[in-house]
Amino acid sequence: MSDDRRTYSDEEFALVLRKAAELAETPDGRATPSNGLTLSEMKAAAAQAGFDPTLVERAARLLSTRSSAPPSVVERLIGGRLRHGQEAHFPITLDEAEAARLLSALQIEIARPGTGHSSAMGLAWHSSDDVDVVRVTARSDPDGTSIAVDLDRRGTLAVTGTVTLLSSLTAWIVMVVVGNEVSPVLGAAVGATGLGGALAVARGYWSSSSRKAREQVEGVIDSVSRFLSAPRTAAPPEAGESTGTEAPRP
């Protein structure tokens, strides 16, 4: 029989999970449904395996992505979404000073020019550049703090589309010149190759930059998680406020 008090290594934990997955398979090859695990259960299992439970909680926050509609036809053609968004809720209520510190931490994490404000109700910040637009909002309520991050890339799409259009026009001009001077067949081949290459490069760039944009949004959420997970220090007493201790008498 197994010993509930035994501590398993990382490798043993991975083997246990794999074996459990094998045992969950029914004879017809379909997995048996389970009720899943709570965050506390996952943190406890991670602690037994030697992982830091706070890292499990931070990773779980990154799974709380805001539900969105399926990619549009344009997004499927260009290879990535026009907007990236994510939300997370933390069971910690911010006061005015903590909201101001969180706003400063977000500005450092995003490292882009922007404007924002904070109060006891939360914070709001948005970037001020003319290409991608990043918006971060935080709302505090008695149950905790909700964070929403939105990255709008329609400005980048306009720039990418303009560059692609110019490249396509260049390919068309080359096709006309080569066709008139050498051979219409060769001109058409050169033009088609140039146009296809421009479109392929543009799609490859958009797909790669979309992954980076998604990682940036996840990085902001992770930064908030690290900020809220850090030990909270008590605010210093205001002038004239008693600290509960008396100064020694002369």
Side-chain angles (χ1 to χ4, degrees), residues 57-141 144-167 201-230 232:
E57 184 170 357
R58 283 169 53 186
R61 300 292 182 192
L62 298 180
L63 294 180
S64 59
T65 308
R66 177 173 53 201
S67 60
S68 56
S72 64
V73 175
V74 174
E75 290 174 332
R76 288 196 294 269
L77 288 175
I78 63 179
R81 290 186 176 274
L82 296 175
R83 304 184 70 166
H84 300 268
Q86 192 168 10
E87 291 181 348
H89 185 270
F90 301 88
I92 298 175
T93 301
L94 300 176
D95 57 25
E96 186 172 356
E98 290 169 331
R101 289 197 295 270
L102 176 57
L103 178 60
S104 298
L106 287 172
Q107 291 172 331
I108 295 173
E109 170 67 26
I110 300 174
R112 299 173 64 174
T115 58
H117 66 276
S118 62
S119 66
M121 299 179 62
L123 63 87
W125 181 91
H126 65 88
S127 60
S128 57
D129 48 12
D130 297 328
V131 188
D132 289 350
V133 179
V134 182
R135 293 182 178 86
V136 183
T137 58
R139 300 185 305 275
S140 292
D141 54 55
T145 302
S146 297
I147 304 291
V149 183
D150 182 77
L151 175 57
D152 188 343
R153 306 196 66 221
R154 287 176 291 183
T156 301
L157 178 64
V159 174
T160 304
T162 301
V163 173
T164 304
L165 178 60
L166 293 176
S167 301
V201 169
R203 194 178 192 281
Y205 163 76
W206 188 263
S207 178
S208 175
S209 61
S210 293
R211 288 193 297 269
K212 294 180 180 179
R214 184 175 63 253
E215 292 172 357
Q216 181 183 8
V217 172
E218 293 177 350
V220 174
I221 292 292
D222 189 45
S223 177
V224 174
S225 178
R226 285 185 277 110
F227 177 88
L228 297 180
S229 300
R232 308 174 76 183

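When all heavy atoms are compared, the tightest approach of Ile78 to Arg203 is O-CG, 3.4 Å. Considering every non-hydrogen atom in both Gly80 and Ser210, the closest pair reads CA-OG, 3.6 Å. Scanning all heavy atoms of the two residues, the minimum distance from Ala100 to Ser118 falls at CA-OG, 3.4 Å. The minimum heavy-atom distance linking Glu98 with Thr93 is given by the pair OE1-O, 3.8 Å. When all heavy atoms of Arg112 and Trp125 are compared, the closest pair comes out as O-CZ2, 3.6 Å. Here the closest non-hydrogen pair linking Gly219 and Glu109 is O-OE2, 3.7 Å.
Annotation: the span from Leu103 atom CG to Ser119 atom OG amounts to 10.5 Å, rounded to 0.5 Å. Note that the CD atom of Gln216 and the OG atom of Ser209 stand 11.0 Å from one another [nearest 0.5 Å]. Atom CZ of Arg214 sits about 10.0 Å away from atom CZ of Arg81, to the nearest 0.5 Å. Rounding to the nearest 0.5 Å gives a distance of 10.0 Å between CZ of Phe227 and CD1 of Ile147. With rounding to the nearest 0.5 Å, the separation of CG in Leu165 from OG1 in Thr160 is 12.5 Å.
A donor-acceptor contact shorter than 3.5 Å is absent between the side chain of Glu87 and the backbone of Ser146. The main-chain N or O of Ser140 is never found under 3.5 Å from a side-chain atom of Thr145 such that the two would form a donor-acceptor pair. Side-chain atoms of Ser128 come within 3.5 Å of backbone atoms of Pro113 as a donor-acceptor pair (strictly under, hydrogens ignored). Within the 3.5 Å criterion, the main-chain N or O of Gly204 finds no donor-acceptor partner in the side chain of Ser208.
A 4.5 Å side-chain heavy-atom check between Leu123 and Thr137 finds every atom pair outside the cut-off. No side-chain heavy atom of Thr164 sits less than 4.5 Å from a side-chain heavy atom of Tyr205. Leu151 places a side-chain heavy atom less than 4.5 Å from the side chain of Asp132. A 4.5 Å side-chain heavy-atom check between Val224 and Val136 finds every atom pair outside the cut-off. Within the 4.5 Å cutoff, the side chain of Asp150 has no heavy atoms near those of the Val134 side chain. For the pair Arg83/Arg153, no side-chain contact is recorded, criterion being any heavy-atom separation below 4.5 Å from C-beta on.
Counting non-hydrogen atoms of other residues, nucleotides and ligands closer than 6.0 Å to CZ of Arg139 gives a total of 12 or fewer.
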> side-chain contact (heavy atoms from CB on, under 4.5 Å) between Asp152 and Leu82: does it pass, once the steps are laid out?
Replying inline: CA-CA 6 Å; Asp152 188 343; Leu82 296 175; 5.5 Å; no
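A donor-acceptor pair shorter than 3.5 Å can be found between the side chains of Thr115 and His126. For the residue pair Ser127 / Arg135, no side-chain donor-acceptor distance below 3.5 Å is found, with atom types taken as modelled.
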